[in-house]
Amino acid sequence: MNIIHHLPPNIANQIAAGEVIQRPASAVKELLENAVDAGATEIQLVVVDAGKSLLQVIDNGRGMSEADARNCFGRHATSKIKAIDDLFHIRTMGFRGEALASVAAVSQVLLRTKREEDELGTEVEIENSHVLRQDPCQSPTGTSISMKNLFFNVPARRNFLKADAMEMKHITEEFMRVALSFPQVHFSLHSNGKELFHLDAGTLKQRIVQLMGSSYASKLVPVNEKTDYLTINGFIGKPETAKKTRGDQFLFVNNRFIRNPYLNHAVVSAFEEMIPSGCFPFFVLFLDMDPSQVDVNVHPTKQEIKFTDEKIVYAFVRSAIRHALAQFSVAPSMDFGLDASIQQLDAVAKPFTADKQQEATAGSLYKSFVDRHQAHRIETGSNLRNWKDFFDPTGSSSTSGSSEVGGSFNFAEPAMQSAQPNTSASVYKPSSSAQPLPGAVVFQQNLTYIVTSSDQSVLIYHQQLLHQQVLFEKFKATWEGKAIPVQQSMFPQAIQLSPADAQLLQGILPDLLQMGYQLEPFGSNAFLLQGSPADHVSENDAAVIEMILEDVKDIGSTLHRSYKERMAKTLARKHAIKAGKTLTVEEMRDLLERISCCENPVMHFDGKPLLVEMKGSFLSDTFQV
Ligand code: ADP
Ligand code: MG
């Protein structure tokens, strides 16, 4: 018996749709790109329930004829290429003719479209890849496509969708990417009846400021280099715009947003020492090159592309950024140590004079960047440089470098080597029952360690890690409803954010309040910090809020427990006392009492031990009197 059969077209379409449309945001991308390809100057995006109930794009582009309105939903139906060769000259965003076919396979679609020259437009209703209805209709010139109930017929996919906040974040990202590449087009985004973005047509710089917030107006450095081979345009953020997440990095090739870690690296490496490690600079860069030098057809959503010569592009991008930073007195020093073929490129060969270099390092921006007290500086935590000394009375390892909190830390070999192999780390590993004795002697060592004892052992805690754990558990307790009291601020601080960040913050206000941060909306995209956690006065609460926002972006879903955990960790790290701080006996006793009440009194939330324990049995074995 033969067992092979052909899948019905609607099933085949559903399967193929999985490649193009994974979530509401992918449909947003396709529909916005179609509107741009249709020459629209005004494009509206409307979503309800993060696109799960409704996703609609309305444009004033050239519209479609009656027959095209029906045919556009066919597999491989496109007006953009005719032959394979056309692929290598492509200047439109779409070309595969798969988007609308996919849309029609996984949602209930209503298309309304009219061309300038037609009296009447056409309305097409389609579901499960079947046309239900096609009628003439009244319509302005242009096209409106609405998709209802995405994945209504693919429940497995529908269930796979994330919480609205997360899907909305993806939608906003796609929207921003398209909006950035077409600043000459007016865009708007409405979500659940509220206008989130209203972007008037303008220059790229204006568009960036509209999207990122007005504070960016003075923080952008233009990048413009031109060679026969390729051109780069756009803006990079001054070093102070660097953030902990990669979110705000936009690289476009021939106006198409692409993901390319290699080229992102070219940009980041050009900043070199100017931004703290682990931070990412802001950039919106457009590379333009002969379409025959790139292959955009390697991925169904066209976000991954191949360059004929990636190395040249890398070197070009890097030197263009260095050049821009130097011209705007942001870079401290320059090196053009590129290979010879790159050196010949026009952009690279431009002279960088000694005067300019002097100008660069003397610039006030550079100076202010070097200032270690600025808000974006990342604290490196305490320094455990003396850790080894503590175990090594001979001092022989005192120069063996430092290990910081946050890095891995090794237990040093004890000074008195014994023959057994277990005399290293394991000896000092605290047992889960290690508990400081309430009345025991307590003293501080090296301004970093709290030394005390349990009934049998000597206990040595790291004060910073200890306090972090105490605070972490305290912030964690707020999940079960134990809110941290708010201390009202005398001078509420205003925090100005980009529309996307403002939306994100809005979603976590209740959680922040639980943790003691009281924020109130204050005009568009700004918040007033009315109060912060009592007992935890921090000199820069706004920075703490920004750090938390970065955490949320990193983790994604605001409903997920891990996001709250991340928040608690950030707050604990931020508010804990540091190594090097003198503690009174009272303060140390207080800390020890609080750690004794913790759920995890021996292990830091990062998995590091909070203390070392010199057990009584180890002492007696060692001395063997
Ligand atoms: P592609 O964009 O790759 O050609 P799509 O499935 O996205 O494939 O669209 C199919 C065709 O439908 C397009 O080539 C275009 O001719 C037409 N089309 C789609 N959206 C629009 C629109 N908003 N305005 C006018 N024509 C459109
Ligand atoms: Mg398309």
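If you read the sequence from its start, that first residue is 1, and numbering goes on from there.
Evaluation of the ring pair (Phe, Tyr, Trp, His ring centres under 6.0 Å) rule for F605 yields F472 as partners, not counting sequence neighbours. With sequence neighbours excluded, no residue forms a ring pair (Phe, Tyr, Trp, His ring centres under 6.0 Å) with F283.
Between Q518 and the choices Q488, Q530, Q487, the side-chain hydrogen bond (donor to acceptor under 3.5 Å, both in side chains) rule is met once, by Q488.
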Exercise. Between V470 and I595, is a side-chain contact (heavy atoms from CB on, under 4.5 Å) present by the stated rule, with each step listed?
Worked result: CA-CA 6 Å; V470 166; I595 196 68; 3.9 Å; yes
Exercise. Run the side chain to side chain donor-acceptor pair (under 3.5 Å) check on Q44 and H190 step by step: do they pass?
Worked result: CA-CA 8 Å; Q44 274 173 271; H190 289 257; 4.8 Å; no
Problem set entry | Evaluation steps, side-chain contact (heavy atoms from CB on, under 4.5 Å), between F271 and I236 | CA-CA 10 Å; F271 276 83; I236 48 178; 4.1 Å; yes
For this session: Tell me, with the steps shown, if M168 and L196 meet side-chain contact (heavy atoms from CB on, under 4.5 Å).
Result: CA-CA 11 Å; M168 202 53 214; L196 296 185; 3.9 Å; yes
Problem set entry | Stepwise side-chain contact (heavy atoms from CB on, under 4.5 Å) check, E550 with T570 | CA-CA 10 Å; E550 293 298 303; T570 298; over 6 Å; no
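For the residue pair T582 and Q444, the shortest heavy atom distance occurs at CA-OE1, 3.6 Å. Nearest approach of E174 to A25, heavy atoms of both residues: CG-O, 3.5 Å. In terms of heavy-atom proximity, F475 sits nearest to A568 at CB-CB, 3.8 Å. The minimum heavy-atom distance linking S146 with L54 is given by the pair CB-CD1, 3.8 Å. Closest of all the heavy-atom pairs between R207 and A179 is NH1-O, 2.8 Å. The shortest non-hydrogen separation linking L611 to A434 is CD1-CB, 4.3 Å.
Proximity of the aromatic rings of F235 and Y216 is defined here by a centroid distance below 6.0 angstrom, and this criterion is not met.
Note that the CZ atom of R158 and the CG atom of N153 stand 10.5 Å from one another [nearest 0.5 Å]. Atom-to-atom distance recorded for L55:CG and I171:CD1 is 5.5 Å, nearest 0.5 angstrom. Atom CD1 of I577 and atom CD of Q468 lie 9.5 Å apart (nearest 0.5 Å). The distance from the CE atom of M147 to the CG atom of N149 is 10.0 Å, given to the nearest 0.5 Å. Interatomic distance, CZ of R573 versus CG of L571, reported as 10.5 Å (0.5 Å rounding). I545 CD1 to F527 CZ: the interatomic distance, rounded to the nearest 0.5 Å, is 10.0 Å.
Atom NE2 of H265 has 12 or fewer heavy atoms from other residues, nucleotides or ligands within 6.0 Å. Within 6.0 Å of CD on E195 lie more than 12 heavy atoms contributed by other residues, nucleotides or ligands. Counting non-hydrogen atoms of other residues, nucleotides and ligands closer than 6.0 Å to CZ of F152 gives a total above 12.
The aromatic rings of F257 and F250 stand perpendicular to each other, their planes meeting at an angle above 60°, with 30° marking the opposite boundary.
For the pair H462 and Y449, the minimum side-chain heavy-atom distance is below 4.5 Å. In this structure the side chain of F175 reaches within 4.5 angstrom of the side chain of F187, judged on heavy atoms. A heavy-atom distance below 4.5 Å is not found between the side chains of P281 and T241. Using a 4.5 Å heavy-atom cutoff, the side chains of K564 and T478 are not in contact. At a threshold of 4.5 Å between non-hydrogen side-chain atoms, the residues L437 and T452 do not count as touching.
Using a cutoff of 4.0 Å between basic side-chain nitrogens and carboxylate oxygens, R23 and E167 are scored as salt-bridged. Taking a cutoff of 4.0 Å between a charged side-chain nitrogen and a carboxylate oxygen, K569 and E565 qualify as a salt bridge. Salt bridge status for K476 with E473: absent, with no side-chain N to carboxylate O gap under 4.0 Å.
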Name the atoms and distances for all side-chain donor-acceptor pairs under 3.5 Å in residues 492-499, with sequence neighbours left out.
| unit_1 | atom_1 | unit_2 | atom_2 | d |
| --- | --- | --- | --- | --- |
| S498 | OG | D501 | N | 3.2 |

